[in-house]
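Report on the structure given below.
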Amino acid sequence: MATLPKKYNHQEVEEKCLKSWKEQGVYSWDSTRPREETFSVDTPPPTVSGSLHVGHVFSYTHTDVVVRYQRMTGKNIFYPMGWDDNGLPTERRVQNYYGIKCNPKVPYNPNWKPVHDPKGKKEVEEVSRKNFIEACNVLTKEDEEAFRDLWSRLGLSVDWNLEYATIDDHCRKISQLSFLDLFDKGELISTESPTMWDIDFQSAIAQAELEDREQDGLYHDIRFQVADSDQEFQISTTRPELLAACIAVVAHPDDERYKPLFGKEAITPLFHARVPIRAAEHADPEKGTGILMVCTFGDIHDVEWWKQSKLPLKQILGRDGKLLPVTFGEGAFQSDSAEKATEHYSHIAGLFGKQARKKIAELLAEPGSTVSGDGSALVGEPRPTRAPVKFYEKGDRPLEFVPTRQWYVKVLDQKEQLLHFGSQVKWHPEYMYTRYQHWVEGLNQEWCISRQRYFGVPIPVWYPVRTDGTLDYDSPILPKEDQLPIDPTSDTPQGFKEEQRDQPGGFSGDPDVMDTWATSALTPQIMSYWRIDDARHKLLFPMDLRPQGHDIIRTWAFTTIAKAMLHEGSIPWKHICLSGWILDPDRKKMSKSKGNVVTPGHLLDEYSSDGVRYWAARARLGTDTAFDDKVFGIGRKLVTKIFNASKFVLSQFERLEASPTDYLEGEVSEALDQAFLARLSAVVEASTTSYSRFDYAHALQVTEELFWDFCDHYLELVKSRSYAEEDSAERRSALITLSVSLKTFLQLFAPVLPFVTEEVWGASYGRGDDSIHKSRWPESTTVAKLAPKGDPKLFELGKLVIGEVRAVKTAAQKSLKWPVSELQITGTEETLLRVRAIEGDLARASNASSSAFRYTDSPIDSVAVVATLADSNPG
RNA sequence: GGGCGCUUAGCUCAGUUGGUAGAGCGUCAGCCUUACAAGCUGAAUGUCGCAAGUUCGAUCCUUGCAGCGCCCACCA
């Protein structure tokens with residue numbers, strides 16, 4: 001058995017532990033053990049292109065602590081690690097890092113290699129989608145390495161044989177299988193309709209990716225003319241640039257002011273378009289003038305109203321956010337004065353929406369800009385306003401509604417089922433279910449899964465090309481399952497030749513990819529090998545635990561629940577644990593964009609992995625935590641204390657050339673020892689209960705509290721007996737209590753502090769190479785059996801007496817060794833009996849002789865201790 | 001506007017199935033004590049956000065209010 005060094009060196013210990021855990025495969029999953037013995041974790045795959053910061057350390061530690069507890073209860077742990085390298089963050093990073101841009105029209109170049117240009121000055125190179133994806137793969141490998149290194153140092157007990165990346169072949173296959181399965185089940189819709197569109201990324205965006213941001217805007221009051229009359233009215237709009245896209249004017253059906261106009265037509269200024277005046281419920285008589293213009297498309301109301309209005313679409317905004325060329329007098333763009341309309345439009349065609357807004361306001365302000373030519377159509381000066389506008393959460397400019405063809409998963413007609421399955425999952429903390437519930441209830445769009453991007457899982461579909469060159473979207477050509485994964489832009493469907501691509505009578509590949517969430521929603525199935533290995537799937541699915549942040553309930557939690565429900569009518573996991581966020585000391589969320597992130601490397605160096613884990617484990621689930629480096633120091637202090645206390649306990653056995661394992665059973669004869677073991681038993685029980693409820697923070701707290709009592713009070717009180725020269729029942733009682741207590745404390749701390757506990761374990765209870773992390777979690781009954789008559793109050797009484805003695809010595813500025821000449825104890829008969837039972841231990845710890853004790857009986861149920869110090873210290 | 005959470009010592013946070021409020025940090029004063037000076041001992045510190053109700057008794061339960069944070073919705 002190794003002996004412990006004088007000082008604890010965390011770097012050495014961490015290195016040693018990591019090496020031995022790896023060599024022994026301590027964290028390996030055993031695929032031969034049955035489902036009921038398995039605990040499977042749906043580990044969040046970190047976005048590898050994101051920055052590493054303490055927030056990662058925080059939430060992943062929570063999971064690891066829970067997992068380590070489960071492992072010690074004997075569970076066969078399935079704890080994989082995935083990498084989310086798919087999607088926009090990676091695309092962006094790769095574009096900037098290599099100075100490249102994906103152009104799907106460029107042919108693949110097998111000899112091309114990505115080159116990082118540190119100056120970033122070379123011209124942006126256009127590469128094929130396949131080359132672009134290769135570049136993404138190269139860079140994400142580097143990013144993954146950084147994460148793997150951090151996870152390992154932090155001591156995550158992940159089974160590194162279980163790794164995946166959301167863009168790898170396996171994940172693409174599962175993701176495409178999911179697409180085909182949903183298609184078969186009729187849960188997918190492919191349709192062309194106005195979709196929220198980001199003009200910079202040029203992609204559709206899902207409801208879950210929306211974010212409202214306050215924006216400055218200007219109300220423009222604009223005069224419209226009622227057709228074939230000299231009547232006028234005013235509308236108010238913040239988006240005058242859409243005037244050319246105005247398809248109607250609406251007011252509330254009960255609005256007396258406008259009732260007479262319903263059914264008539266209005267004429268727009270500048271463009272002289274005749275548009276119907278109609279009633280619409282969404283018009284609020286209280287707002288503005290009560291009458292507003294409907295454009296294609298200014299907002300969601302416009303979209304909804306347009307859909308049921310059967311009016312033609314006037315598309316003026318392009319996918320790039322610029323105003324499209326329009327021919328007035330044709331199609332939807334009829335005009336009473338096509339000439340004027342064309343002239344006016346020529347000023348704004350090709351401009352971005354924002355520029356066009358300014359220009360059109362100028363045109364409206366010109367005299368004679370009304371339909372009748374009487375004055376200007378703009379009334380007064382535009383009035384400033386501030387209102388929330390919808391943005392893509394990762395985008396820089398407001399979203400627009402642009403009609404495009406997209407794939408959707410049907411969710412709106414299944415809200416009840418989604419709520420049902422969500423409620424079958426146990427949420428920790430429970431109130432987080434409410435967030436899920438509200439999200440589901442508030443869904444107002446189908447789940448859009450297609451994105452017009454490149455680095456993602458391709459939509460596995462081809463379309464027949466009709467003889468006129470148009471695509472037949474209604475009868476897509478699907479791949480066979482065993483062909484997957486495929487890329488329809490480079491793979492050829494069965495029964496076709498590559499030369500037929502994009503040719504009349506041939507086929508055309510869907511150019512889009514799936515959104516990251518469409519794949520991430522399958523993380524449990526990805527690791528359980530759904531549809532690929534049934535036996536394994538049954539062994540792991542539904543998973544036991546999904547850990548994640550509460551900010552992605554509407555995305556990751558929701559989509560995962562939705563897919564498990566749609567595919568198999570199942571929940572994806574039994575429990576979901578929601579971690580809080582790390583806030584900077586000013587209580588702002590730590591994020592890269594705010595520039596307030598703290599990177600974890602130096603924290604691990606300075607405070608040790610255990611110290612950092614301690615900080616994370618103190619935070620309860622769902623609770624946001626301010627970054628406070630003092631707590632790391634407390635963690636480090638606890639680690640040192642565990643090491644030193646262990647050294648002391650183990651030295652008691654070394655002195656006798658015995659092993660602590662020789663003293664795990666036997667008779668505990670002394671009242672103090674029994675009292676402490678009773679406390680310990682209660683803590684084991686409390687800790688176990690807390691852990692089984694995923695409340696690791698409480699488990700840690702109760703353990704830590706008793707551990708400090710153990711060090712500060714029990715060890716001091718027991719020393720006289722454990723140091724005794726002669727073997728005796730009293731000494732054996734002390735040694736058994738010391739050994740059982742240390743062993744139990746090490747195990748209770750092991751999930752949070754895997755390194756220091758392993759180090760001590762190796763020098764004491766671990767035989768050979770046995771890891772503490774494979775040892776069996778302590779049972780409160782086993783501890784309690786050693787001390788059936790244990791009286792926890794007695795230990796508290798001991799603390800009280802010794803506390804009084806110390807207080808007197810400290811007040812007298814004497815050392816704690818100073819002798820006590822008299823110790824008066826007043827209390828009830830029962831109390832005095834208790835004190836007498838531990839008199840010997842108290843005498844030694846106070847440095848009082850047994851003749852110094854004076855007992856006074858009192859009917860009052862309180863204890864008074866008066867210590868008198870000796871005049872001199874002969875020692 | 002709707003919802004969820006929070007509000008306890010200077011700071012960070014526990015806690016109470018309703019019975020005189022806890023820890024750590026920080027502050028102050030001390031101490032080499034057969035594990036630990038990267039240590040130890042002790043001291044001071046609170047209208048438990050505000051108001052009302054229920055109760056013998058409320059920091060805890062109920063209601064209302066306020067502040068903070070978050071989620072969602074709306075806002076021509």
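Just so we're on the same page: letters track the sequence lines, and every chain starts at 1. The structure presented is a predicted model; accordingly, all values stated were derived computationally and were not measured.
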Rounding to an integer number of angstrom, what distance separates [N] and [M] when you compare their [atom1] atoms?
N	M	atom1	value
U45(B)	C60(B)	P	24 Å
A76(B)	G3(B)	C1'	27 Å
G19(B)	C40(B)	C1'	36 Å
A23(B)	A44(B)	C1'	16 Å
G53(B)	U41(B)	C1'	48 Å
U59(B)	A21(B)	C1'	8 Å
G1(B)	U54(B)	P	31 Å
U12(B)	U20(B)	P	27 Å

Atom [atom1] of [X] to atom [atom2] of [N]: distance rounded to whole Å?
X	N	atom1	atom2	value
Trp818(A)	G42(B)	CH2	C1'	18 Å
Asp284(A)	A73(B)	CG	P	19 Å
Trp615(A)	C13(B)	CH2	P	12 Å
Glu441(A)	C4(B)	CD	P	12 Å
Asp628(A)	C11(B)	CG	P	13 Å
Leu578(A)	C4(B)	CG	P	17 Å
Glu211(A)	C70(B)	CD	P	12 Å
Asp299(A)	C75(B)	CG	C1'	10 Å

Say you draw a straight line from OG of Ser646(A) to CG of Leu738(A); how long is it, rounded to the nearest 0.5 Å?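 It is 11.0 Å, given to the nearest 0.5 Å.
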side-chain contact (heavy atoms from CB on, under 4.5 Å) partner of Phe749(A), the single match among Asp610(A), Val639(A), Thr744(A), Leu700(A):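 Single side-chain contact (heavy atoms from CB on, under 4.5 Å) partner of Phe749(A) among Asp610(A), Val639(A), Thr744(A), Leu700(A): Leu700(A).
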Under the side-chain contact (heavy atoms from CB on, under 4.5 Å) rule, collect the residues that match up with Val863(A), sequence neighbours excluded.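 For Val863(A) the side-chain contact (heavy atoms from CB on, under 4.5 Å) partners, ignoring immediate neighbours, are Leu797(A), Leu800(A), Ile825(A), Thr831(A), Val865(A).
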Indicate yes or no: at least one non-hydrogen side-chain atom of Phe262(A) is less than 4.5 angstrom from one of Val250(A).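 Of all side-chain heavy-atom pairs linking Val250(A) with Phe262(A), none is under 4.5 Å.
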Does any non-hydrogen side-chain atom of Ile247(A) lie less than 4.5 Å from one of Met293(A)?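 No, their side chains stay 4.5 Å or more apart.
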For Met432(A) and for Trp439(A), locate the closest nucleotide of RNA chain B by heavy-atom distance; then report the residue assigned to the nucleotide nearer the 5' terminus.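 It is Met432(A) whose nearest nucleotide is closer to the 5' end.
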Closest-nucleotide ordering on RNA chain B, the 5'-leading residue of His550(A) and Ala812(A):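 Here Ala812(A) is the residue nearer the 5' end.
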Please, what dot-bracket string fits RNA chain B when only Watson-Crick and G-U pairs with both distances under 3.5 Å count, crossing ones use [ ] and pairs to another strand use |? (((((((..((((.....[..)))).(((((.......))))).....(((((..]....))))))))))))....
To check you understand the geometry: which heavy-atom pair defines the closest contact between Glu211(A) and Glu393(A), and what is its length?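 Residues Glu211(A) and Glu393(A), closest heavy atoms: OE1-CB, 3.6 Å.
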Do Lys799(A) and Glu796(A) meet the salt-bridge criterion of a basic N to acidic O distance under 4.0 Å?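 Salt bridge: yes.
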Arg554(A) side chain near C72(B) phosphate (N/O to OP1/OP2, under 4.0 Å):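 So the side chain of Arg554(A) is within the cut-off, an N or O lying under 4.0 Å from OP1 or OP2 of C72(B).
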Do any side-chain nitrogens or oxygens of Gln207(A) fall under 4.0 Å of OP1 or OP2 in A73(B)?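 Yes, Gln207(A) has a side-chain N/O under 4.0 Å of OP1/OP2 on A73(B).
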Minimum-distance nucleotide (side-chain atoms of [X] versus [options]):
X	options	result
Tyr219(A)	C74(B), C71(B), A76(B)	A76(B)
Lys630(A)	C25(B), C74(B), G42(B)	C25(B)
His698(A)	G15(B), U12(B), C25(B)	G15(B)

How about Arg213(A): does its CZ atom have over 12 heavy atoms from other parts shown lying under 6.0 Å from it?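 Above 12, so yes.
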How does protein contact run along nucleotides 33-40 of chain B, one letter per nucleotide 5' to 3', with B for base contact, S for sugar-phosphate only, - for none, heavy atoms under 4.0 Å? BBBB-SSS
Do Arg679(A) and Phe795(A) form a cation-pi contact, if we require the NZ or CZ to be under 6.0 Å from the six-membered ring centre and within 45 degrees of the ring's axis?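 Here Arg679(A) fails the 6.0 Å and 45° test against Phe795(A).
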Should the pair Lys426(A) and Tyr433(A) be classed as cation-pi, given the thresholds of under 6.0 Å to the six-membered ring centre and 45° from the axis?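 Lys426(A) over Tyr433(A) ring: no.
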Scan side-chain atoms only and decide if Thr238(A) and Arg357(A) contain a donor-acceptor pair under the 3.5 Å cut-off.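 Their side chains do not contain a donor-acceptor pair, so the 3.5 Å distance test is not met.
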